[in-house]
Amino acid sequence: MLTFRCRSLAVAVIATTLGDDLTSNDDYVLEILQERGIVSSEQVEQIRNGSQVPGRSTLDAMVDENVVTEHAVLSELADQLGMEMISLQGVDIPPELRDAVPVDVARRYKVIPVYKNEDSLTVAINDPLDSNTLDSLRYLLRCNVESVVVTREELEVTLDRFYAVESSMEDMLSQIADDAVDVDLAGADHVAADAGDVTEADAPIIKLVSLIIMEAYRHRASDIHIEPLEKRLRVRYRIDGVLHEVDSPPKRLQSAIISRVKIMATMKISEKRVPQDGRIQVHVRGHELDLRVSTVPSNHGEGVVMRILDKQNLALGLPKLGFFADDQQVFERLIGLPDGIILVTGPTGSGKTTTLYACLGHINRPDRKIITVENPVEYQMSGINQVQVQTDVGLTFSAALRSILRQAPNVVMIGEIRDKETANIATEASLTGHLVFSTLHTNDAPSAVTRLLDIGVKPFLVASSLRAVMAQRLVRSICENCKEEYQPGDDELRLLGPAAEQMAAATLYRGHGCGSCSLTGYSGRKGLFEVFLVTDEIRRMIFEKQPAAEIRAVAREAGMRTLREDGLRKAAGGITTLSEIFRVTMGDVD
């Protein structure tokens, strides 16, 4: 519920003309709203007669009971004063702009810097005419200060994002001496061979790195990026597929932070010239997480990326992936086949591994033997034999496949088909009575055929073994707490092409932005799917090495929905937005 005080708005607007009379202020604001048709006199009287809460004005009651929104009140007052009303949803405030208003000043006066030029600084405030705050800022910052208006909720959420108490890393170092950081290394303590003993002086850095990991988990991040720049160290979280910069540690701590991460990942901290890969297992607030760590040398130091693998997320069932009922029925039938190859395609980070694990979990029964070959094994699944690829000892995908076929499995899952040898073994396995799952990097499902042929698999093997290919992408889901209807603009309808008329008649939604979604309007992700079934006609075309475009056209005539079409269904169903569909499916040819 919006927390709105009439005094913070109306008093500031008319105190100079009507004095400090709350009733007069309330009436003045309500008169403006009635003149603009925002509320009716009947609504005002109804609320006024029924509002018996001590200390709550009529305007407060109208906001609390959703007769009028805080946004509507602020918009009208801003218009009366010739001010601009803005939204902070999705706004990124760069560090150099944040530096213009120190954290203590921003939180004390509740302002957010939004624009700066040589002559003035523009800040977002919730009070349309708080002259005292603006005068104080002009004195403290030694520059001209202008203002724009935002809602209280957007202001508070943005303050928490960019000016949180713990966001000042210098202050953080003095505050993390307590036990508030709930991150522990899983298993026994381990350090790199050349790390030396951990001293008491290292404790703040240890807790700082743990806090970065804990905050990433709290914000549902999938990746942590620690990037050395020329004059600062940048930390970013990838949340729902989009990178968000957070307040970063000082540059002087760069070496200590990166060394700590490398120690946790059992890397060589003295080796800074070549890329390294490692792995960290941690417990965060009772959850077990695996972090895949990668370092790469750059101009200003080693860059670090930590991929966060939450085992609970990897154990999703098929219904939670985002299938509609008809697609799920088709896919369940496919993964129940006794033999053949089923491929999942898409770029890195599109959820292919999660989909494969969901498939294995769905068919994991005592009467089936399932063996996987992965690099790395991202999730330990009960009842499934999982093999970790180790190239340094010669255990490659192809070598592991040759061995596990002697184990007489019913189902084989290959992490990725990368070369001709692996592809040939997979196709031969499928032709000898095994059901094979794997992934491939292609833009759409029919292109998997061309990719296999390019690798070197013979056309008759592809035609005989391939059962289906599913391309997928991940789109952000609309936040349920701030979901609202809207009408698409002309630009969006133009991008829709032939589907514009159909979508214009649909009820579309978007997220307004709230505290629970950090003003993004999105929370979580769902999959878009393009299921390509290999029919007899498609087999003939594969055998004849027909172009991918012609295969795609025949598949669409047979009923295949493209990623774009599946996305539009999900937008019409209120799951995601048109902008998200355009973002991830722009390359589709409709």
Side-chain angles (χ1 to χ4, degrees), residues 1-2 4 33 36-39 43 62-63 65-79 84-92 114 124 126 148-158 161 239-242 244 322 324 473-528 562-586 588 590:
M1 178 180 294
L2 291 170
F4 173 77
L33 297 178
R36 296 296 185 95
I38 306 299
V39 298
Q43 289 175 316
M62 297 185 77
V63 172
E65 297 182 23
N66 296 321
V67 176
V68 64
T69 65
E70 181 194 12
H71 186 278
V73 176
L74 288 172
S75 180
E76 292 303 325
L77 291 176
D79 186 60
E84 183 182 0
M85 178 85 181
I86 69 168
S87 172
L88 293 175
Q89 179 180 349
V91 171
D92 185 27
V114 294
N126 180 242
V148 293
V149 184
V150 296
T151 63
R152 182 184 299 271
E153 184 178 26
E154 287 194 358
L155 180 66
E156 291 177 348
V157 170
T158 307
R161 283 180 61 199
I239 303 171
D240 294 334
V242 178
H244 297 270
F324 278 122
R473 300 289 189 277
L474 292 177
V475 292
R476 293 181 289 176
S477 303
I478 301 172
C479 175
E480 292 295 333
N481 293 323
C482 58
K483 193 173 184 178
E484 62 180 13
E485 293 185 21
Y486 88 105
Q487 292 296 321
D490 293 337
D491 291 340
E492 288 181 313
L493 293 175
R494 185 166 55 253
L495 289 172
L496 287 171
E501 184 177 349
Q502 173 188 352
M503 295 304 295
T507 302
L508 300 178
Y509 296 87
R510 65 184 175 190
H512 174 70
C514 64
S516 63
C517 63
S518 299
L519 297 180
T520 63
Y522 299 98
S523 180
R525 289 189 289 177
K526 294 292 185 183
L528 304 184
T562 66
L563 289 166
R564 170 67 62 87
E565 290 167 342
D566 190 50
L568 294 180
R569 286 209 305 167
K570 289 181 168 64
I575 296 173
T576 189
T577 62
L578 289 179
S579 60
E580 276 294 286
I581 305 306
F582 298 145
R583 181 176 69 88
V584 302
T585 66
M586 194 62 70
D588 283 356
D590 296 324

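Here the structure is a predicted model, which means the values were calculated and not measured.
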(message) I need the E153 CD to C482 SG distance, nearest 0.5 Å.
(response) 8.0 Å
(message) So which atom in G513 and which in C517 form the shortest heavy-atom distance, rounded to 0.1 Å?
(response) CA-SG, 4.0 Å
(request) Looking only at non-hydrogen atoms, find the nearest pair between I478 and R510 and report the distance. (result) CG2-C, 3.7 Å
(message) Tell me every residue that passes salt bridge (Lys or Arg N to Asp or Glu O under 4.0 Å) with R525, counting only those two or more places apart in sequence or in another chain.
(response) none
(message) Quick check for you: to the nearest 0.5 Å, what is the distance between T158 atom OG1 and Q89 atom CD?
(response) 10.0 Å
(message) Quick check for you: to the nearest 0.5 Å, what is the distance between L528 atom CG and T576 atom OG1?
(response) 7.5 Å
(message) Can you list everything that forms a side chain to side chain contact (heavy atoms under 4.5 Å, CB included) with Q487? Sequence neighbours excluded, please.
(response) none
(request) Please determine, by modelled atom types, if Y486 and T577 share a side-chain donor-acceptor pair under 3.5 angstrom. (result) no
(request) Could you list the residues that satisfy salt bridge (Lys or Arg N to Asp or Glu O under 4.0 Å) with E156, not counting sequence neighbours? (result) none
(message) Holding to side chain to side chain contact (heavy atoms under 4.5 Å, CB included), I want the full list of residues that pass it with E84, two or more places apart in sequence or in another chain.
(response) I86, V148
(message) When you compare the side chains of E154 and S87, does any donor N or O come within less than 3.5 Å of an acceptor on the partner?
(response) yes
(request) Report yes if some heavy atom in the side chain of L568 is under 4.5 Å from a heavy atom in the side chain of L496; otherwise report no. (result) yes
(message) Please find the pair of heavy atoms, one from M503 and one from A571, that lie closest to each other, and give the distance.
(response) CE-CB, 4.3 Å
(message) To the nearest 0.5 Å, what is the distance between OG1 on T520 and CG on D240?
(response) 7.0 Å
(request) Identify the heavy atoms of R152 and N126 that sit nearest to each other, and give their distance. (result) N-ND2, 3.0 Å
(request) With sequence neighbours excluded, give me every salt bridge (Lys or Arg N to Asp or Glu O under 4.0 Å) pair touching residues 567-581. (result) D326-R569, D327-R569, R476-E580, D566-R569, D566-K570, E580-R583
(request) Could you tell me which residues satisfy side chain to side chain contact (heavy atoms under 4.5 Å, CB included) with N481, sequence neighbours excluded, listed by chain and number? (result) C479, C514, S516
(message) Looking at every heavy atom in both V114 and A124, which two are closest together, and how far apart are they?
(response) CG1-CB, 4.1 Å
(message) Testing the basics here: between P488 and L578, what is the closest heavy-atom pair and its distance to 0.1 Å?
(response) CB-CD1, 4.0 Å
